[in-house]
Amino acid sequence: MTICEVIGHVWATKKDPKLNGMKLMIVRELTEADRPTDKTFVAADIVGAGIGERVLVVSGSTARRVFGPEEPPADAAIVGIIDSVEA
Amino acid sequence: MTICEVIGHVWATKKDPKLNGMKLMIVRELTEADRPTDKTFVAADIVGAGIGERVLVVSGSTARRVFGPEEPPADAAIVGIIDSVEA
Amino acid sequence: MTICEVIGHVWATKKDPKLNGMKLMIVRELTEADRPTDKTFVAADIVGAGIGERVLVVSGSTARRVFGPEEPPADAAIVGIIDSVEA
Amino acid sequence: MTICEVIGHVWATKKDPKLNGMKLMIVRELTEADRPTDKTFVAADIVGAGIGERVLVVSGSTARRVFGPEEPPADAAIVGIIDSVEA
Amino acid sequence: MTICEVIGHVWATKKDPKLNGMKLMIVRELTEADRPTDKTFVAADIVGAGIGERVLVVSGSTARRVFGPEEPPADAAIVGIIDSVEA
């Protein structure tokens, strides 16, 4: 998993129907010392994260399983809102 | 998922039969600020995306499942046409 | 698998319920010669590793299976505490 | 998927029996503009590709499924011979 | 798959029980021209490879399936000893 900051949204009207209703957020990976990296990508959100929050992001096949048996076409998911990091 | 721009096509006559009829597009990954990166690859399209459009691309095992139970040998798929990005 | 050093913890109160009770550690990848790299990420721990210990980390779909049939949303897991490396 | 050029062969007598009879080719990833990159790896071939041909390569779990229910230990497969690229 | 050189061993007493009895080797990725890269990682061995030998390494979910239905937590496996490379 990676520590990311939520930095934006993506809107797509024409899309795979299984993505309907999903919140697609843009996240930026952070270092363990909270410094922004240049790695950004899109993750589907299940925890109600807002812009500026630090979140825990899971990738790959594990991400699509977060959404239950439908398994929508998402290869990254926000699975937690981070309270604190101690490193 | 990544934000990409559709920049081209690939044609292959001799191929795995499960790829028959699939649109194989070349996409270029964009940053969240819409700047092109040097990362390009081939993604199969399910939403009818055209050259120059910004799209949402999913990778890995999730991509092949987009095409139904046949699961063709595609490890990247265009699953949405992006209307807008706010970052 | 990669050789990593455990360098910290992550706390998240609001998260996928399947992550409840899991220890989420920050790890830094090491080279075979024990030099730290700049690659850090979050891994769930099953072996009781402590800060400063060298550990064996597995990634991807294999990581979530470490936790049994529940398969929580973890894409990296600490699966061993390293006694010695000979390279 | 990636666009690659077939640049060589690998021979291995002592190997996992499920790899018996498989053609193991060395491929070099190309850019969309047909320029060679420094990324090379080994892919199993199902389409009879020859040295110097441009091919479509699939990676990850999708690659091993190309070979049928046996699913040999191959994490990259050549699934098409490219006729033309328009980018 | 990648071409690697076996360069060492890892020992871990406290580990996931499914890793018991597995040989955990450190491997260094080589280029197609046999030049060492700085990419090293740990792979489980099924073919009896020794230090200094060139081997074929498979990664991801495919690696754990090499070990049969138990599917231990290994995300990289040595599946062949390379006789020769022609590139």
Side-chain angles (χ1 to χ4, degrees), chain C residues 1-6 22-23 25 27-87, chain E residues 1-2 4-30 36-46 49-55 57-79:
Chain C
M1 292 86 88
T2 53
I3 300 172
C4 294
E5 182 184 352
V6 180
M22 289 178 70
K23 280 174 62 191
M25 314 301 281
V27 297
R28 178 186 297 284
E29 206 170 309
L30 303 176
T31 71
E32 82 288 352
D34 233 12
R35 282 189 293 270
T37 69
D38 61 359
K39 200 174 167 194
T40 62
F41 55 98
V42 178
D45 179 31
I46 61 159
V47 290
I51 304 290
E53 284 192 293
R54 276 189 306 174
V55 291
L56 192 64
V57 175
V58 72
S59 297
S61 61
T62 304
R64 70 168 186 261
R65 299 168 51 97
V66 165
F67 301 93
E70 271 269 309
E71 299 197 6
D75 60 13
I78 299 173
V79 295
I81 296 177
I82 292 176
D83 300 322
S84 65
V85 171
E86 192 178 288
Chain E
M1 294 86 89
T2 53
C4 294
E5 182 184 352
V6 181
I7 61 166
H9 296 264
V10 171
W11 281 273
T13 307
K14 192 171 185 179
K15 59 177 178 289
D16 186 299
K18 287 188 177 175
L19 289 174
N20 286 342
M22 290 178 69
K23 280 174 62 192
L24 300 173
M25 314 301 281
I26 303 177
V27 296
R28 179 186 297 284
E29 206 170 310
L30 304 176
T37 70
D38 61 359
K39 200 174 168 195
T40 61
F41 55 98
V42 178
D45 178 30
I46 60 159
I51 305 290
E53 283 191 294
R54 277 190 305 174
V55 292
V57 175
V58 72
S59 296
S61 61
T62 303
R64 71 169 186 262
R65 299 168 51 97
V66 165
F67 301 92
E70 271 269 308
E71 298 196 6
D75 60 12
I78 299 173
V79 295

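Side-chain atoms are counted along with the backbone in the values below, which use heavy atoms only and exclude waters and symmetry mates. From a predicted model like this one, the values you see are computed outputs, not experimental measurements. Order of the sequence lines sets the chain letters (A, B, ...), proteins ahead of strands, with each chain counted from 1.
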Quiz item: Considering only heavy atoms, which portion of E:Ile51 lies under 4.5 Å from any heavy atom of chain C: side chain, backbone, both, or neither?
Solution: neither
Quiz item: C:Glu86 versus E:Trp11: any side-chain heavy-atom pair under 4.5 Å?
Solution: yes
Exercise. Heavy-atom pairs under 4.5 Å with chain C are the metric here; pick the option from E:His9, E:Arg64, E:Glu71 that has the most.
Key: E:Arg64
Quiz item: Would you call E:Leu24 and C:Leu56 a side-chain contact if the rule is heavy atoms closer than 4.5 Å?
Solution: yes
Quiz item: Among E:Gly60, E:Gly8, E:Ala12, who wins on heavy-atom pairs under 4.5 Å with chain C?
Solution: E:Ala12
Quiz item: Under the side-chain contact (heavy atoms from CB on, under 4.5 Å) criterion, do C:Ile81 and E:Thr13 qualify, and how do the steps go?
Solution: CA-CA 7 Å; C:Ile81 296 177; E:Thr13 307; over 6 Å; no
Exercise. Answer with side chain, backbone, both or neither: which region of E:Ile26 has an atom nearer than 4.5 Å to a non-hydrogen atom of chain C?
Key: side chain
Quiz item: Between the side chain of E:Asp75 and the main-chain N/O of C:Ser59, is any donor-acceptor distance below 3.5 Å?
Solution: yes
Quiz item: Distance from E:Met22 atom CE to C:Met1 atom CE, nearest 0.5 Å?
Solution: 6.0 Å
Self-check item: From CZ (E:Arg28) to OG1 (C:Thr31), nearest 0.5 Å
Solution: 8.5 Å
Practice problem: Name the region of C:Ile46, side chain, backbone, both or neither, that has any atom closer than 4.5 Å to a heavy atom of chain E. | Solution: side chain
Quiz item: If you tally heavy-atom pairs under 4.5 Å against chain E, which of C:Val66, C:Thr62, C:Ile78 wins?
Solution: C:Thr62
Exercise. Taking the side chain as every heavy atom from C-beta outward, state whether E:Val10 and C:Ile3 have any pair of such atoms under 4.5 Å apart.
Key: yes
Practice problem: Check the surroundings of atom CG in E:Asp38: do more than 12 heavy atoms from other residues, nucleotides or ligands lie under 6.0 Å from it? | Solution: no
